[in-house]
> 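This structure is in structure tokens; I'll ask about it shortly.
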There are 2 protein chains.
Amino acid sequence: MRISEAVEWSLHCCTVLAVLPGDQVLPSSRLAEFHGVPPAYLAKALQALTNAGITESRPGPLGGYRLAQPAGAVSLLDVVLAVEGEDRAFRCSEIRRRGPAAATDPTVYRRPCGIARAMWRAEEAWRAELASSTIADLVNELVATVPPSQLHAGAEWIQSVHATRMNRT
Amino acid sequence: MRISEAVEWSLHCCTVLAVLPGDQVLPSSRLAEFHGVPPAYLAKALQALTNAGITESRPGPLGGYRLAQPAGAVSLLDVVLAVEGEDRAFRCSEIRRRGPAAATDPTVYRRPCGIARAMWRAEEAWRAELASSTIADLVNELVATVPPSQLHAGAEWIQSVHATRMNRT
DNA sequence: GTGGCAGTACTCGGATAACCTTTGTCCGAGTCTAAACGG
DNA sequence: CCGTTTAGACTCGGACAAAGGTTATCCGAGTACTGCCAC
């Protein structure tokens, strides 16, 4: 069991997009540069976020991505499901119906077996925990713990990207 | 993100092993037959359970597997970790240290970033839920919900296997 | 000087290959049974 | 008749291949700016 790297990248990207001033957007290539990850693959993850309605995209020069919703309205679960898919991690293959002790009466199997229910219960706990945090919480946590000089460096970088994109002669 | 099929098979096998009478053991080939799964691959999962101390194995004729602990002492989490490995699903690759806005002072990164902490918090909730159920709970749930005729059929099958193994002329 | 127009550069979006984990399989080491043999 | 030996068959255990999914990449469609041209 392993969560995709794209989830981690997506969450980091969302925190960056959340602090963009005004209606500014940021292209995927810059987001990749900021995080030091392969640009083409990050684009795939951002595409998934856009399909899920978490981010918006604008094509063309001065195009890029920005959050489609307030940072407080986007939970970590939203991002994880957008990138990893909505399917549950545990899949019941109904092996109880196979083998020599299987029942012929299908009504016996109307309810999911106890194993699947227990696994899904755990997964619900996981989802509930992820649903209780938002991108805004991540940003607030950053602001509270990261040294101001560090935050300033990030803001400077964002501003420089914006300036470069505007001052294209 | 996807949980291995071997986890499902292992849990089902544990419930069967939990209801074995006396010191009886059951070979992996019979467990595979009972559940209708590939014998060789199931053996791999049972091997992992044995390495984790959840099951015991006896080689030779009349050999097989049985639980090494009371069913009430084995949690679902124990089984999942034995088969899937102890590693966490979310792995932080510390991408915050890369890129143009990275800090030169390493002490800034002493604590895990908020994203990793949130993901791990969710994973802890998942583990806590799995740790709260035991194999014995699964068995009790089966006894309470499965029709008696069905339970009887399973017990008959186990007994027939035992008899066949003893009456080898 | 001003409006229109074509060219250009940059962006997203989906379709296309390599790597790795999971799945599936096999054969060898060890062990217990059971029969055969000798006393 | 009984103890010992030997052969056999069955089990687990770890090493060895195929399949699916994640990772990584590329090229095409679309858009906004820039400079040029005609009026």
Side-chain angles (χ1 to χ4, degrees), chain A residues 1-10 13 17 24-33 36-52 55-66 68 80 83-85 87 89-91 93 95 161-162 164-169, chain B residues 1-10 13 17 23-33 36-52 55-66 68 80 83-85 87 89-91 93 95 161 164-169:
Chain A
M1 187 178 59
R2 186 176 136 199
I3 292 180
S4 166
E5 304 264 316
V7 169
E8 181 185 7
W9 303 352
S10 298
C13 286
L17 294 180
Q24 211 169 322
V25 297
L26 210 53
S28 69
S29 58
R30 296 286 160 265
L31 281 168
E33 176 189 347
V37 300
Y41 187 42
L42 179 65
K44 199 175 180 61
L46 292 170
Q47 203 170 326
L49 291 180
T50 302
N51 286 336
T55 54
E56 287 175 341
S57 67
R58 292 178 55 83
L62 302 190
Y65 289 96
R66 70 172 186 183
V80 171
V83 176
E84 287 269 316
D87 293 350
F90 181 85
R91 241 153 294 180
S93 49
I95 65 176
V161 169
H162 185 62
T164 302
R165 283 158 65 83
M166 285 311 183
N167 294 350
R168 184 202 330 251
T169 53
Chain B
M1 187 179 55
R2 186 175 137 201
I3 292 180
S4 166
E5 304 264 316
V7 168
E8 181 185 7
W9 303 352
S10 297
C13 286
L17 293 179
D23 284 355
Q24 213 168 318
V25 297
L26 211 53
S28 70
S29 60
R30 295 288 160 266
L31 281 167
E33 177 189 348
V37 298
Y41 188 42
L42 179 65
K44 202 175 178 59
L46 292 170
Q47 202 170 326
L49 292 180
T50 302
N51 286 335
T55 54
E56 287 174 342
S57 67
R58 291 177 56 84
L62 301 188
Y65 290 95
R66 71 171 185 184
V80 171
V83 176
E84 287 269 318
D87 292 351
F90 181 85
R91 240 153 294 179
S93 49
I95 66 178
V161 169
T164 302
R165 283 158 64 84
M166 286 311 184
N167 294 349
R168 185 201 329 246
T169 56

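Every chain is numbered from 1 and lettered A, B, ... according to where its sequence line falls, protein lines coming before strand lines.
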> If you take all heavy atoms of A:R66 and A:Q24, which pair is closest and at what distance?
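Heavy atoms only, the tightest pair is CB-O, 3.8 Å.
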> Roughly, in whole Å, what's the span from CG in A:L42 to C1' in D:dT22?
15 Å
> By nearest heavy atom, map A:I3 and B:R30 onto DNA chain D; which one lands nearer the 5' end?
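Closest to the 5' end, via its nearest nucleotide, is B:R30.
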> Between the protein and nucleotides 12-16 of chain C, list every N/O to N/O distance that falls short of 3.5 Å.
| from | atom 1 | to | atom 2 | distance (Å) |
| --- | --- | --- | --- | --- |
| C:dC12 | OP1 | A:S28 | N | 3.1 |
| C:dC12 | OP2 | A:S28 | OG | 3.2 |
| C:dC12 | O3' | A:S57 | OG | 3.1 |
| C:dG13 | OP1 | A:S57 | OG | 2.7 |
| C:dG13 | OP2 | A:Y65 | OH | 3.1 |
| C:dG14 | OP2 | A:Q47 | NE2 | 2.2 |
| C:dG14 | N7 | A:Q47 | OE1 | 3.2 |

> Please report, rounded to the nearest Å, how far the C1' atom of C:dT21 is from the CD atom of B:E84.
11 Å
> Between A:R165 and C:dC10, does any side-chain N or O lie under 4.0 Å from OP1 or OP2?
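False: A:R165 side-chain N/O out of range (4.0 Å or more) of C:dC10 OP1/OP2.
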> Might you work through the side-chain hydrogen bond (donor to acceptor under 3.5 Å, both in side chains) test for A:S93 and B:E8, ending with a clear yes or no?
CA-CA 8 Å; A:S93 49; B:E8 181 185 7; 2.8 Å; yes
> Taking only side-chain N and O atoms of B:R91, does any of them lie within less than 4.0 angstrom of OP1 or OP2 on D:dT22?
no
> Rounded to the nearest Å, what distance is computed from the CE atom of residue A:M1 to the P atom of nucleotide D:dG21?
18 Å
> Looking at every heavy atom in both B:A43 and B:S28, which two are closest together, and how far apart are they?
CB-OG, 4.1 Å
> Between B:L26 and B:L17, is the side-chain contact (heavy atoms from CB on, under 4.5 Å) condition met? List the steps.
CA-CA 7 Å; B:L26 211 53; B:L17 293 179; 4.1 Å; yes
> How far apart are the closest heavy atoms of A:L49 and A:S10, and which atoms are they?
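Scanning both residues completely, I find the closest heavy atoms to be CD1-CB, 4.0 Å.
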> Quick one about A:S57 and A:T50 (side-chain donor to acceptor, distance below 3.5 Å, no hydrogens or angles considered), yes or no?
no
> Within this structure, what is the CZ-to-P distance between A:R2 and C:dT22, rounded to whole angstrom?
8 Å
> Rounded to the nearest Å, what distance is computed from the CG atom of residue B:L62 to the P atom of nucleotide D:dT11?
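Rounded to whole Å, this separation is 9 Å.
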> Can you measure B:L31 atom CG to D:dT11 atom P for me and round it to whole angstrom units?
12 Å
> Between P on C:dT21 and CD on A:E5, what's the gap in Å once rounded to a whole number?
11 Å
